[in-house]
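These notes concern the structure reproduced below.
Each chain gets a letter, A, B and so on, in the order its sequence line appears, and its residues count up from 1. A quick note: this is a predicted structure, and the numbers were derived from the prediction, not measured.
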Protein chains: 2
Amino acid sequence: MRDNKRATISDVATQAGVSRAAVSKVMRSAYGTSDDMRKRVEGAMAALNYRPQFAARALRGRTYTLGVLLPDIRNPFFPDILDGITQALADTQYQPLLGVRPSVEVTERGLIETMLDRKLDGLILVAPVLGHDYLMQLSAMTPTVLIGRHDQNGGFDTVNNDDRLGAKLAIDHLVAQGHSHIAYLDLEPLKDAPFNPARFRRQGYQSAMRAHGLGENELITVIGPDSGSERGRAAARQLLTSKRRPTAVFGWTDESALTVMSAAHELGLRIPEDLALAGYDNSRLCALAQISLTSIDQDAQLLGRASARMLIERIEGRREDVHFVTAPQIVVRGSSGGARANGGTVTTERRPRSA
Amino acid sequence: MRDNKRATISDVATQAGVSRAAVSKVMRSAYGTSDDMRKRVEGAMAALNYRPQFAARALRGRTYTLGVLLPDIRNPFFPDILDGITQALADTQYQPLLGVRPSVEVTERGLIETMLDRKLDGLILVAPVLGHDYLMQLSAMTPTVLIGRHDQNGGFDTVNNDDRLGAKLAIDHLVAQGHSHIAYLDLEPLKDAPFNPARFRRQGYQSAMRAHGLGENELITVIGPDSGSERGRAAARQLLTSKRRPTAVFGWTDESALTVMSAAHELGLRIPEDLALAGYDNSRLCALAQISLTSIDQDAQLLGRASARMLIERIEGRREDVHFVTAPQIVVRGSSGGARANGGTVTTERRPRSA
DNA sequence: GTGAAAGCGCTAACAA
DNA sequence: TTGTTAGCGCTTTCAC
């Protein structure tokens, strides 16, 4: 009984007394269908419990499937993006197909090839490390939207938060708390992808420090890409045991800030008294009472929703590049001394969300 | 230039001077191909940069795509399973296609239908809450493997750790630390899915407590399914402020234990002095110095690898049900007082992994 | 061992 | 507005 009585378009056509083409038209709500016919066809589809097969559609037309490439399913920031994408797609015919880069070694290209083999209608690439040229080629073949890349003029859309502003918010806050020695935890520079968020956050950090007259105190430590690794932890320990130990640290992601928090804990440093901390992404962990990490919220769900909508626009014909940017907000918690250290109280609540 | 020069099987056949059928055979390494021919075909495929289209294959034969249904991408336990699946699939022709249940309200059935529409060759369902009958129907149509369900005789395979044993390990440890009032954080009973892990862990808790002569001290608090929600947090606070406050708590997942840890923190309780904690899954968070949560490791990667291999066996023809069970291990950390509270030292290291 | 031919379920010209 | 017809790229008998 393996799937052998699944209804096809011909069954529906027979049942409704129309041609297969008519059924196809009704499905795609294409031009040239009378109300009568639509009703009969819809009745037949329901009666036969008909569902179109994607493989057959794909061979001729669209797959109604969008590829979503995530670099890392573990960073809690990315599932929020996925939620946003799912929300935006809920009212449409489109479905997301997920690809997750299993490790840093595996190239993203392989995954993209796979999605191309499956004839997906479009691609959402989250924080890809692919070079600009490759992305241009790719987007010439398939509608593409990037999240977390500031590249321009590539034939693809981008969706970002204002990374420079986010960094400024963090530094302004730490300075307001009385800090002048503030370090920045940076991602290792990506040769292929210079327009990555870490770079813009670093620029925001630098210009904010200078604006406060603290340019001489700038201290940048590379801790990524995998700050949870032994290498990342070693970098954190080194930062905290150096002569020039900062009194505050701003991490390019929450993960990087947490690595430093963990190291501080092991070294017996009190937070925020001995060391203030702020991260980026406002991922769920930040709110845990034991963590209580001040962080920059870039509204991942909104990024996801926007990317899905923009991709569909592209699929339906838009040609000009669109670059969508959201405004980050700071969420102050105990780690920066902005709220009582034990309470984990959020003094700056997440803003109400627009569309 | 939208994808219009992609080589097809005909192009390869022409280039190699053979028939299309011959090319197809080489691809599937089917019977009846001479070495000569294979060489020429492979040369032509390489020269033309040929890649078969999945949609076209799907219409006639296999899709070489396996559906993986995850209930929750945020729980760090699940990405580990996914890693295992990816590893096992790396050497095969098969690719995973991910479906993630976007919210508790969305039924898993919708996602499964979608995968069926795409003619996937088989399904790995992680911790589904679907009824036994539905799963039987499903597995009659499509090869299916379940992770995190102890159902038997359903026409599908299952992959689990020994949940009863895992719970026993946790209770034995807490008792050895001198505790006699140990509470269990439970998942709300699932009517449709009685054979879920939480139930087996509860049974393990109960029988271990009785074995230690502590049957009268049993205390079960429902905190799931979403222990991070306000309801879950309220349950945690209630547990910790009640007259019969336990001195130790064993959570059915790490997430549930963390919710209690967070509540304890807010109430000013010291860990492990005032309250000892143990969780289940040994997810990455447990190792963070500020968290340092004792937990039961069920080797998610192994579960993932096993499920992928078993599914492929089924696809290639196995008919009998197989039920794979792994042995859990306890990883002792500061939260249970088994290691120095501040150090987060792991006294029981993760075991070396076998295939 | 190899190739010709039919057809998977659907879409998109075009004709009616 | 509707139906007819020809494929999309691949797999699969079944002759040769």
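- The side chain of A/Ser34 lies closest to D/dT1 when the candidates are D/dT11, D/dG3, D/dT1.
- Nucleic acid contact class of A/Val23 (heavy atoms, under 4.0 Å, all strands): none.
- Using a 4.0 Å heavy-atom cutoff across all strands shown, B/Ser24 reaches at least one base atom of the nucleic acid.
- When the side-chain nitrogen and oxygen atoms of B/Arg60 are compared with OP1 and OP2 of D/dT12, none of them lie within a distance under 4.0 Å.
- In this structure, A/Ile9 atom CD1 and C/dG9 atom P are separated by 11 Å, rounded to whole Å.
- Counting non-hydrogen atoms under 4.0 angstrom, A/Tyr50 reaches the backbone sugars and phosphates but no base.
- Side-chain atoms of A/Leu82 and B/Ile73, non-hydrogen and from C-beta on, do get closer than 4.5 Å to each other.
- Contact record, A/Asp11 with A/Arg6: OD2-O, 4.2 Å, taken as the closest heavy-atom pair.
- Following rounding to the nearest Å, B/Leu48 (CG) and D/dG9 (P) show an atom-to-atom distance of 14 Å.
- Dashed line: the shortest gap from a side-chain N or O of B/Thr8 to OP1 or OP2 of D/dC8 is not under 4.0 Å.
- For C/dG9, the base has no donor-acceptor partner in the side chain of B/Lys119 [N/O atoms by modelled type, under 3.5 angstrom].
- B/Ala21 comes within contact range of at least one nucleobase, with a heavy-atom separation under 4.0 Å.
- Remark on DNA chain D: of its neighbouring residues A/Met37 and A/Ala56, the 5'-side contact belongs to A/Met37, judged by nearest-heavy-atom nucleotide.
- With a 6.0 Å cutoff to the six-membered ring centre and a 45° limit on the axis angle, B/Arg149 does not count as a cation-pi contact of B/Phe195.
- One finds no side-chain N or O of B/Thr33 lying less than 4.0 angstrom from the OP1 or OP2 phosphate oxygen of C/dT2.
- With rounding to whole Å, B/Arg20 atom CZ is found 14 Å from C/dG7 atom P.
- At least one side-chain nitrogen or oxygen of A/Arg28 sits closer than 4.0 Å to the OP1 or OP2 atom of C/dA12.
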- Message: Apply side-chain contact (heavy atoms from CB on, under 4.5 Å) to residues A/Phe156 and A/Asp321 and explain how you reach the verdict.
- Response: CA-CA 6 Å; A/Phe156 44 76; A/Asp321 296 0; 5.7 Å; no

